[in-house]
Amino acid sequence: MMRTHRAGELRRDHAGATVAVCGWVATRRDHGGVVFLDVRDAAGVVQVVVDPEAPGAEVAHRVRSEFVVRVEGEVRPRPEGTVNEELPTGEVEVAAQRLEVLSEAEAPPIPIGGRQEADELLRYRYRYLDLRGDRLQRNLRQRAVVNRVLRRVMDGHGFVEVETPMLIASMPEGARDFVVPSRLQPGSFYALPQSPQLFKQLLMVGGFDRYYQIARCLRDEDPRSDRQFEFMQFDIEMSFVDGEDVMAVVTEAAVTAAEEATGELPGAVERITWHDAMERYGTDKPDLRFGLELVDLGEVFAATEFRAFQAPAVKGIRVPGEGGVARARLDALIERAKQLGAAGLVWMRVGEAGALDSPVAKFLSEAEQLGLVDALGAGSGDLLLLVAGERAIANRVLGTLRLDLARPPVDEGGLRFVWVVEFPLFEGLDDEGRPIPAHHPFTMPHPDDLELLASGQGEELLAARSQSYDLVLNGWELGSGSVRIHRADMQQQVFTALGITPEDAQVRFGFLLDAFRYGAPPHAGFAIGVDRFAAVLAGEENIREVVAFPKTQSGADPLTGAPTPLDPAQLKELGLQVVKRPEAKKPKS
RNA sequence: GGUCCGGUGGUGCAGUCUGGUCAGCACGCCGCCCUGUCAAGGCGGAGGUCGCGGGUUCAAGUCCCGUCCGGACCGCCA
């Protein structure tokens, strides 16, 4: 037998057992006589002792870091005073009776599992070494727990896992497609799916009333710390339900996965309307782990003589205990606010008895000063930050400052889920005054806004809400979903509002509209970005830390060298001709 | 497409502003010593086109221009 146990799972209970373990040499401590080897495998690390007279002694002196070894020996409790509290296996050690080198290793180009952080380029180029370290071992295993729990919960609710194609037609709208040339039909291309969105709706028409899939999605947009070209979506769709049903099952799946993956019970899952999220947190993905809520000061300054506050909105936040902050810091905050689009930023330091220390205090009446302190709940030693201007700008600026000033690190402050509901149907107007859909154009309008949608024009339409919902965790947008339109008349109404003619619609979404003509059930769905979810649960700020083989910000894979030029013969077969080719990159060796 | 930060032995960094013993530290690696360490310890050693190209200068890791790569962000991500 190659091995009887995993190295990292040996405990006091194993004492006395003769075992065989295999793994990598994490460290070697050679005392000249006795040699200690820390042997690492998938379960962790255990100390192997090779006594001078033991059969493997010669081998032990020769072994080097990252050699793959097999050790046979007796598990024994460590002698008095040599227990290692830091290690789960620290109460025992394996006394080697046989030591074999299964594979030699060159000195690794990056440190493995150490405290020294290597350059990210090198970590990706030698990902197979980086993967041996604690961090990625833990993160990827935890991610697997998330996948497993999501599947288990969905299976328990009678959902059917259905796979959808990777080679599909390019859809207009949305992100840039990755495309794949067709060999059989030169000049034509497949697109890789940005999401299974339209297929899952077809599955509803096809009578699968509860679908889910953990699906790979691809979007050709610049990668970021929370975004790769390819990513996984936990995707669901349900028939004969409303949004509440969807939110309920997604909540159960997400909370259960979070709890089992981290061993930590998430806080209560809250709910907030998009409008309230913007007003209270200045963002549609509020981080509820901390306060500093935005306060509307419009009433306080309704009749103010201070010109800067004669604005559509005056809002403020109270930063507790920061009243002593340095002037330079305040100047930096003002600069930041201006970069974010504010006309300016008013700061106030609250002194004893509520006295306000601020460049603008002298322009404010006593009633305004009192009202301000009262509205913000300010006390001695606090710092107050106020922004006046357009409501959306004031909210955005203060929402950003709120994060700058008080957002906890990603791995602190617990897990705070929040549903953000009733997103606007449209996110703005394009150059020709047509509304731009905030979600995809099949999102069901809010029932109370149907009239508005039918009669509204231009700007008025921006107030129309949709039956959509986002799930947010600690300020990260995990995913979004909506109730879909399933009736032709309403779909036509939305298309009209969007300026899409029936002919356009037929060209762009014809197959879905066709399907809907044959009896479409009311349906609704959701999708969670698994990478982001796993990153937050792992306490990582970068999703590359939960992706086994990630790409860099320029879309390269330093391990395989992708992307690469194509062989001329391949191009010919595909009927492709490269018109302008950038300088050929150096091969990665 | 843009802004910002970074690129110095295998790795992580200092040195760049103020050009001239500035090629230095730690880890790793190699050798020797060492029987209870756990980031073992001691002694010794090898190892660097300072990302690349051009320019300024008597002299460039250091200043200027360009370029490549990595990262953060903006644009983009229905």
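Hydrogens, waters and symmetry mates are skipped; everything else that's a heavy atom, side chains included, is used. The chains referred to below are lettered A, B, ... by the order of the sequence lines, with proteins before strands, and numbering in each begins at 1. Since the structure is predicted, the reported quantities are computational estimates derived from the model, not experimental observations.
- One finds a side-chain N or O of A:N542 lying less than 4.0 angstrom from the OP1 or OP2 phosphate oxygen of B:A72.
- Residue A:W274 holds its CH2 atom at 11.5 Å from CD of A:E422, rounded to the nearest 0.5 Å.
- Dashed line: the shortest gap from a side-chain N or O of A:S554 to OP1 or OP2 of B:G70 is under 4.0 Å.
- Following rounding to the nearest Å, A:L129 (CG) and B:U11 (P) show an atom-to-atom distance of 13 Å.
- Taking the C1' atoms as reference points, B:G61 lies 14 Å from B:G9, given to the whole Å.
- In this structure, the CD atom of A:E221 is 5 Å from the C1' atom of B:C77, given to the nearest Å.
- When both pairing distances are held under 3.5 Å, B:U37 makes no Watson-Crick or G-U pair with any nucleotide shown.
- Inter-residue side-chain proximity for A:Q506 and A:E503 is flagged as unmet; no heavy-atom pair is nearer than 4.5 Å.
- Between B:G19 and B:A60, the distance separating the two C1' atoms is 6 Å to the nearest Å.
- Dashed line: the shortest gap from a side-chain N or O of A:T82 to OP1 or OP2 of B:C38 is not under 4.0 Å.
- Heavy atoms of A:P79 sit under 4.0 angstrom from at least one base atom.
- Mapping A:R532 and A:Y124 onto RNA chain B by nearest heavy atom places A:Y124 at the nucleotide closer to the 5' end.
- Using a 4.5 Å heavy-atom threshold, the side chains of A:L136 and A:E545 count as touching.
- In this structure, A:R176 atom CZ and B:G75 atom P are separated by 14 Å, rounded to whole Å.
- Side chain to side chain, A:E335 and A:Q339 fail the donor-acceptor criterion of an N or O pair below 3.5 Å.
- Remark: the separation of the P atoms in B:C73 and B:A26 is 35 Å, to the nearest Å.
- Rounded to the nearest 0.5 Å, atoms CZ (A:F426) and OG1 (A:T443) are 9.5 Å apart.
- Under the Watson-Crick and G-U wobble criteria, each requiring two contacts below 3.5 Å, nucleotide B:A72 is paired to B:U3.
- Distances from the side chain of A:Q47 to the nucleotides B:C38, B:C73, B:G71 place B:C38 closest.
- Within the 4.0 Å cut-off from OP1 or OP2 of B:C29, at least one side-chain nitrogen or oxygen of A:S65 is found.
- Residue A:D119 places no side-chain atom within donor-acceptor reach of the base of B:G6, judged by atom type and a 3.5 Å distance cut-off alone.
- Looking at heavy-atom distances under 4.0 Å, A:I110 makes no contact with the nucleic acid at all.
- With hydrogens and angles ignored, no donor-acceptor pair under 3.5 angstrom links the side chain of A:R123 to the base of B:G71.
- Proximity note for A:R224 (side chain, C-beta onward) versus B:G36, B:A72, B:C73: the nearest is B:C73.
- A sub-4.0 Å separation between OP1 or OP2 of B:U37 and a side-chain N or O of A:R29 is absent.
- Remark: the A:Y211 side chain and the A:D235 side chain contain an N/O donor-acceptor pair separated by less than 3.5 Å.
- B:A46 makes up no base pair with any nucleotide shown, lacking Watson-Crick or G-U wobble contacts both under 3.5 Å.
- Along RNA chain B, the nucleotide closest to A:H61 and the one closest to A:P108 are compared, and the more 5′ of them pairs with A:P108.
- A donor-acceptor contact under 3.5 Å is formed by the side chain of A:R227 with the base of B:C76.
- Using a 4.0 Å heavy-atom cutoff across all strands shown, A:R40 reaches no nucleic acid atom at all.
- The aromatic ring of A:H439 does not sit over the base of B:A78; the criterion of centres under 5.5 Å apart with planes under 30° is not met.
- Comparing B:G1 with B:G24, their P atoms are spaced 42 Å from each other, to the whole Å.
- One atom, NE2 of A:H31, and another, P of B:U35, lie 10 Å apart when rounded to the nearest Å.
- Atom-to-atom, CD of A:E91 to C1' of B:C38 comes out at 15 Å; the value is rounded to the nearest Å.
- Base engagement by A:E93 is indicated by at least one non-hydrogen atom pair under 4.0 Å involving a base atom.
- If you take atom C1' in B:G6 and the same atom in B:U67, they sit 16 Å apart, rounded to whole Å.
- When heavy atoms are screened at a 4.0 angstrom cut-off, A:R78 is found touching base atoms of the nucleic acid.
- Listed nucleotides: B:U35, B:U37, B:G70. Nearest to the side chain of A:V34: B:U35.
- Contact annotation for A:E117: backbone-only contact, meaning every heavy-atom pair under 4.0 Å involves sugar-phosphate atoms and none involves a base.
- For the pair A:T443 and B:A78, the criterion of a side-chain N or O lying under 4.0 Å from OP1 or OP2 is not met.
- Rounded to whole Å, the separation between the P atoms of B:A23 and B:U49 comes to 15 Å.
- The separation between A:D30 atom CG and B:C32 atom C1' is 12 Å, rounded to whole Å.
- Note: CZ (A:R28) to C1' (B:A39) measures 15 Å, nearest angstrom.
- With C1' as the reference atom, B:A46 and B:G70 are 30 Å apart, rounded to whole Å.
- There is no side-chain donor-acceptor pair under 3.5 Å between A:N84 and A:Q47.
- Using atom P as the reference point in both B:C50 and B:C34, the two lie 42 Å apart (nearest Å).
- For A:Q116, the side-chain atoms get nearest to B:C27 when compared with the rest of B:A78, B:C27, B:G70.
- Between A:Q553 and the phosphate of B:A72, there is a side-chain N or O to OP1/OP2 separation shorter than 4.0 Å.
- Within the 4.0 angstrom heavy-atom criterion, base atoms lie near A:P52.
- Taking CG from A:D470 and OG from A:S480, the interatomic distance works out to 4.5 Å, rounded to the nearest 0.5 Å.
- Between the side chain of A:D38 and the base of B:C38 there is no donor-acceptor pair of N/O atoms closer than 3.5 Å.
- Inter-residue side-chain proximity for A:H61 and A:V35 is flagged as met; some heavy-atom pair is nearer than 4.5 Å.
- Interface remark: the A:R125 side chain does not form any donor-acceptor pair with the B:C69 base, using a distance-only criterion of under 3.5 Å.
- Nucleotide B:A26: paired with B:U11 (Watson-Crick or G-U wobble, both distances less than 3.5 Å).
- When the side-chain nitrogen and oxygen atoms of A:R544 are compared with OP1 and OP2 of B:A72, one or more of them lie within a distance under 4.0 Å.
- In this structure, CD of A:E120 is placed 15 Å from P of B:G7, rounded to the nearest angstrom.
- Once rounded to the nearest 0.5 Å, the distance linking CG of A:L450 with CE of A:M490 reads 5.0 Å.
- Base pairing analysis places B:C63 opposite B:G55; the two distances defining the Watson-Crick or G-U wobble pair are each below 3.5 Å.
- The partner of B:C17 is absent, by the rule that a Watson-Crick or G-U pair needs both atom distances under 3.5 Å.
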